[in-house]
Engineer: 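Below is one structure. I have some questions about it.
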Amino acid sequence: MFGWGVLKGMLVTLWNFLLTYLWPKKGIFTVQYPEKKLPLAQRYRNFPFLVYDGTPHMIRCVACKICESECPPKCIYIIPEKDAEGRVQKKPAVFDIDYAICMNCGLCEEVCPFDSIFMDHEYEISKYNRAEDLMVRKEALLKPWEYFAKIRPHDFERIEAKRAAKSAKAKPVAPAEKPSQKPDAGPTSPQQGSVPKNG
Amino acid sequence: MEILYFFAKTGFYATALVTLAAAILVVTLRNLFHCALALILSLLGVAVTYLYLKAEFLAIIQILLYIGAIMTLLIFAIMLTHRLTDRSVSQTNRQSLPAFALLAVFNIFFIASLAAVPWKINSASLAAKIDTQALGAFLMGPYVFPFEIISIVLIIALVGAVILGRTDQ
Amino acid sequence: MAETIDQIFVLAKDRFLDLLGIVLPDWIILLVRILISIAVLLAVAPVVMMYMTWLERKVLGRIQNRYGPNRVGIFGLLQPIADGIKMLTKEDIVPKNADQVIHFLAPVVIVIAPLLVLAVLPFGRNMIAADLNVGLLFFLGVSTFGVIALFMGSWASRNKYSLLGGMRAFAQMISYEIPMVLSVVPVILVTSSLSTAAIVEAQLGWKWFIFTPWGGFAALVFFLCGVAEVNRTPFDLPEAESEIVAGFHTEYSGMKFALFYMAEFISTFAISGLAVTLFLGGWDGPAFLPSWFWFGLKTFILILIMIWFRGTLPRFRVDQLMGFAWKVFLPFTLANIFIAALWALLPYPKNFIADTIGITVILTLLQIFNRKETPKKRKYLYAN
Amino acid sequence: MSLPCAPTLKTELLEVSIGPQHPSTHGVFRMNAVLDGETVVKLKPVMGYLHRNHEQIAETLPYLANMPYTDRLDYICSMTNNFAYALAVEKLAGIDVPERAQYLRVMMAELTRLVNHSLLIGFLLNDLGAWFTPVFYAFREREKILDFFEAVSGSRMMCNYFRFGGVKADLPESALDQVRRIVRDYPRFLDEFERLLAGNEILKSRCQRVGILPKELAVNASITGPMLRASGVNYDIRKADRYSIYDRFDFRVPLGMTGDVYDRYYVRVLEMRESVKILEQVLKQMPEKGDILSAKGLQACRAPRMWKPPAGDAYGRIESPKGELGFYLVSDGSPKPYRYHVRPPSFINLTVLEDLCIGQKIADAVIILGSIDIVLGEVDR
C-alpha cells in the first residue's frame, strides 16, 4: 500500500520528538555551549604553547629551531637570545606562532626533543584582528609545567618519567649545568612582576 | 446614514475609475507582464462592481475563474513564449488610429442604446439570495443543455491540450 | 458561566459598541462594528504567524534531537520578536535589473489574500468576521490570488532561480486547486450551503464529516492539497532550497522577505482552519471548554502535523507532484463526489456499505492504474 | 504519435549556473546547466574553486609533514586519507607495521566509513528536501565516533593519526569500551535510519530509475567505490588488493542491480552493516598489547627532515569510503618526494556527472550530485 513507508518514517520522527521530552538525556544530543562544555579528551590538541618550569624565566625551549623547520605550514618563528658578546644562548628571544596559519597538527610537539612545546586545550581564542591578534608572542605562549600536568595528566606522568631517567643519566656527565641554572632562577623568583622584562 | 451612502457612492465611482484606468493601461503599457497585471486589476474592479450590485456569487466566481484560473494561465503563457527580459512590445501600429475612431463611433451608439433601455428594478430580484440548492437545480434543470455544451467544449479543449503537450515516444 | 466564556469576545465587542453608542452617531457605530473585526484579525494574524515560526523551529528542533530556540526569553518565547527586529533593521536589497515597482508590490500584495480569507473562518460560535453566504467560494477564490503576487515577485526579481520557482508555483497551484475544490464539493453537496458558518452548524453534535467514509478521505485529500497550496514540505517545490535556492523569494531581503514568510504562515493557518471548519466540526466540541478553544486546538493539531511532515519527508519532483495531483487526487475526488451523493441519498446502514464499497473500488482502481509509477522493493546481491 | 504542430511549440532554453554559492553543491562546486523547462539538456561541471596546490605543497615538504595535509583532502574521512598515504610511503621505504597497529588502522578505517556513509545519506536526504532531520540523526551517531577519534588522536576531524610503520599513539584507557559501545549501538541506528528512509515512497520514487550509471560506462570512466558497486560491478579493493590485514576478516560486498541513485544510497547502507561486522571481528581479534610503531617507522617519524627513503616509486591505494584513494610517490632519495600524486575518488567519480544528469530534471541533478558523494577538498585539492 502506497504511504505505508511514509507513515513508518513519521513514527520514527515522532518517537524522536517524544524522546526529547521523556528522556532528555538520551533524546537531546546538543550541548548548551557557553554554559556547559564537553570534557575534552586528554589528547585533544588545539594550538601550541611553551612550558616553563617554576617561573616564566625558565623557559624549557632552547631555541633549537627543530619545530620551526618541521612545522608543515611554517607558522613558528624563532630567534635565539644572544648575550652581550653576541654568543647564541639556549633560550629564545623571539618565539612567535601565527595562530592564523597553524593547522593544529601537533607535529611540533612530536619532534621537540626537549619537551618544551605542547598542544593546548584552550579553544576560545576568537579575536577581532586576524593579522595582529592571532600572531601570538612568547609571553602569551608561556604556560607553567603545572598547567600541562592539569590538562594532560597521563602525558605528564610519561614525560616526567622520561625526563627523570634522562636527568639521572645526564647528572654524572654534566653536573655543572644544573647549578648554573639555579642562581638564575633564584633572584627572579621573589619578584613575579618582572615577567614582561623577559621578552 | 446618508453619509454612508455617500461613502458607498464614492467608492463605486472610484472602483469604476480604477477599472477603466486599468483597462486603458492594459492596451497602452509596453511590457506584456505589466499589461497582464493591469488586466488583473481591471477584472478585480469588475468583481468589486458585482459586489456593489449585491451579486456576491458572481463576484467570487469572477475572481475564482478570471483571476485565479484564466489570468494564471495567461501569465504562464506569456512567461513560456517571451523572453524574461523582454521589456517592451509596441502596442500601436498604423491601424490604431482608424481603429480608435471606429471604436469611438461604436461607443456613441452603444452608450446611446444603453441609455435608451429602461432598467427596471423589482424588489423580488433584489431580495433574491444565492442558494446553492437552487443554483444546482437550475444548472441541472432549465439550463442543463448549455451547461452540458460548455462541458463538452471544455473536454475538447482538454483533449486538445493533452495531444499538444504529448511528446513523441 | 460557560456560556459567558464561550461568547466572551462577542460580548466584549457588543459592550464596547454600546458604550460608544452613548456618544457617537449610528453610522460611526456601524463602521466601527466592521472595523473592530478587521482590526482584530489584522492584529492577531501577525502574532499567530510569529508564534507559528517559533513553534515550527521548536518542534523541528525536538524532532531533530535539539532544543530549538531557547536563548531569547524563557523557552525562546521572545525569539519571534527578536527576529522581527532583525528583519526590520536589515538592509533592503533590490537587484539592479529588477522591475522596481513590481518587486516592491509583490510582498505587499502577497499578504492581502491570506489576511482576507481569515474573514470567513468561524473562530467560534458567532465569531465570524463576515458570514458570507458564499464564504467557501470566497476562501477558495481569494486564496488563488496569492499565486499572482508570488509570480510578480519571481518575475520582477530577474533571477533565474526566482523564475523557476515562480513557474513551479504556478504549475503547482493550477494542479492542486482542482482536487482541492473537488474535495470540498461533497461537503457542499451534503450541507447544501456555501456558508462556512452553516457548514459548521451542520456538523454539530459529533457529526463531523471526517467520521464519514467519504469525509475522511476528502479531508485527507483536502489537507494534502492545502499543504501543496501553501508550499510546504513535501510539496515545497517553489522554494526548494536544495534545488533553486529559495525559489521566488531568492532576491528578497529584510522585511520584504518577512512578508513572504508571513503570507506563507498565515495561509498555513487559514488552510488548517478551513480544514477544521469543513471536516473536523469547526468549533464544535465538548461544552466544558469554549468553542474558540476547540477551534484553536484543532487548528493547532493540523499545523503540528504540517510541521511534522516538514521534519520527516523529502520533497517530490515536479513531474511526480503533477502526477500525484492529476492521476491520484483528481480521479479520487471526482469519484468521491459520487460516493458522498450515495451517502446523502441512502438510509443509514445501506449508505455506509455503499460508501465502503465505492471507496475500495476507486482505491483499487487507482492502485492498478498507477502501478507503473509505484516504486518497488529491491533485493541486493552480495559478493564474497 | 507524431503531430505536425508539436515542434512549433517553441520554448527557450534557460542557462542556470548552479553554484559556486548554492545550498546543495556540497561546497564550492559549480554546474553550468542548460535547462529546457525543468529538464537538463546540458551540464558542465566547473571545478577548481577550492584548489590549493596540495600536490605541489607536498613536494616541498618532508614525507611526514605532509600527513596533516592529507587530512584536509577529504575532510570527512581523514583517517582513510592517512591510511592510503601511510601505505604508499611504507611501500616506498619497505616499512613493516606491527600487528596491533594494523588492527588499529582497520578499526579507524571502518569507523571512518561509518561516518562518511551516514553523513552522505543524511546530506543526500537534505538534497531531496527532508529538512535536516536525517542529517541530524547522522550527526548524532557521528558525534560518538568523533569523540572516539578525539580521545585517540587528539582531533575530531583532522586526525593526523597514522604514522609510517604504525600509528601515532596507542588507545587510551577506556577507548576500547567506547568502540564497543559504538559497534553495539550502530546497528540500532541503522535500523532507525532504514525505518525512516528506506521504505519511504517519496524517497523511492525520487531516487529509483534516476541517474542510472550503466556498468560499461562505470568501468570505462574508472568509477570506483560504492558508486561502481551500485552499478553491479564486483570490485572492492579490500577484496581485490587485500591490503593491510583485510584478508583476515569475513565480510561481503553488496552489489546494486540498476546503478541508480537509490542503489547508490542503499549499497552504502548495506556497506555500513558490513563495516560493523568487520569492527566486531577487529575487536575480537585485536591483540591486547603490542607495539604500535615499528622500529623503522620510528626512525622515519622521529626526525622527518632527515629521513630519506630509497629512490624509487610506489603507489599505495585503499578502498576509501568514496572509492579508490591512491597516492603515487616518486622518490629521488632526498627527504622530500620528487613527485607526489593523489588519485582522488571524488574527482574521478564526478567525471560522469554530465552523462548521469542529461535528460533528468534539475531536482534530480542535485540528488545525483549528492549520490556521487564528493568532498570538494578532494576534488579540487
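No experiment lies behind these values; they were computed from the predicted model shown. The basis for the numbers below is simple: all heavy atoms, side chains too, and nothing from hydrogens, waters or symmetry mates. Residue numbering restarts at 1 for every chain, and letters A, B, ... go by the order of the sequence lines.
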Engineer: Would you say A:Lys74 has more than 12 foreign heavy atoms packed within less than 6.0 Å of its NZ?
Structural biologist: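 Yes - once you tally the heavy atoms of other residues, nucleotides and ligands closer than 6.0 Å, there are more than 12.
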
Engineer: Can you establish whether the number of heavy atoms outside A:Tyr128 located under 6.0 Å from its atom OH is more than 12?
Structural biologist: no

Engineer: A:Leu18 versus chain C, heavy atoms under 4.5 Å apart: side chain, backbone, both or neither?
Structural biologist: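 Neither part, no heavy atoms under 4.5 Å.
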
Engineer: What verdict does the side chain to side chain donor-acceptor pair (under 3.5 Å) test give for A:Gln32 and C:Asn70, after you've listed the backbone C-alpha separation in whole Å, the side-chain angles of each residue and the deciding distance to 0.1 Å?
Structural biologist: CA-CA 10 Å; A:Gln32 297 296 297; C:Asn70 64 353; 3.1 Å; yes

Engineer: Tell me if a side-chain donor or acceptor on C:Asn65 pairs with a main-chain N or O of A:Phe29 at a distance below 3.5 Å.
Structural biologist: no

Engineer: Apply side chain to side chain contact (heavy atoms under 4.5 Å, CB included) to the pair A:Thr13 and C:Ile63, showing each step before the final yes or no.
Structural biologist: CA-CA 6 Å; A:Thr13 44; C:Ile63 282 176; 3.8 Å; yes

Engineer: Count the heavy atoms of every other residue, nucleotide or ligand shown that sit under 6.0 Å from CZ of C:Phe211, and state whether that count exceeds 12.
Structural biologist: yes

Engineer: State the CZ-CD distance between A:Phe17 and C:Gln64, to the nearest 0.5 angstrom.
Structural biologist: 12.0 Å

Engineer: Tell me, yes or no, whether the heavy-atom count around C:Phe352 atom CZ, taken from other residues, nucleotides or ligands under 6.0 Å, exceeds 12.
Structural biologist: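 Check fails, neighbour count at 12 or below.
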
Engineer: Taking atom CZ of C:Phe300 as the centre, report whether more than 12 heavy atoms of other residues, nucleotides or ligands fall under 6.0 Å from it.
Structural biologist: no

Engineer: Just how far is it from atom CG of A:Leu14 to atom CH2 of C:Trp308, taken to the nearest 0.5 Å?
Structural biologist: 4.5 Å

Engineer: Step through the shown structure and confirm whether more than 12 heavy atoms of other residues, nucleotides or ligands are within 6.0 Å of CZ on C:Phe75.
Structural biologist: no

Engineer: Quick check: do C:Arg62 and A:Ile28 have side-chain heavy atoms less than 4.5 Å from each other?
Structural biologist: yes

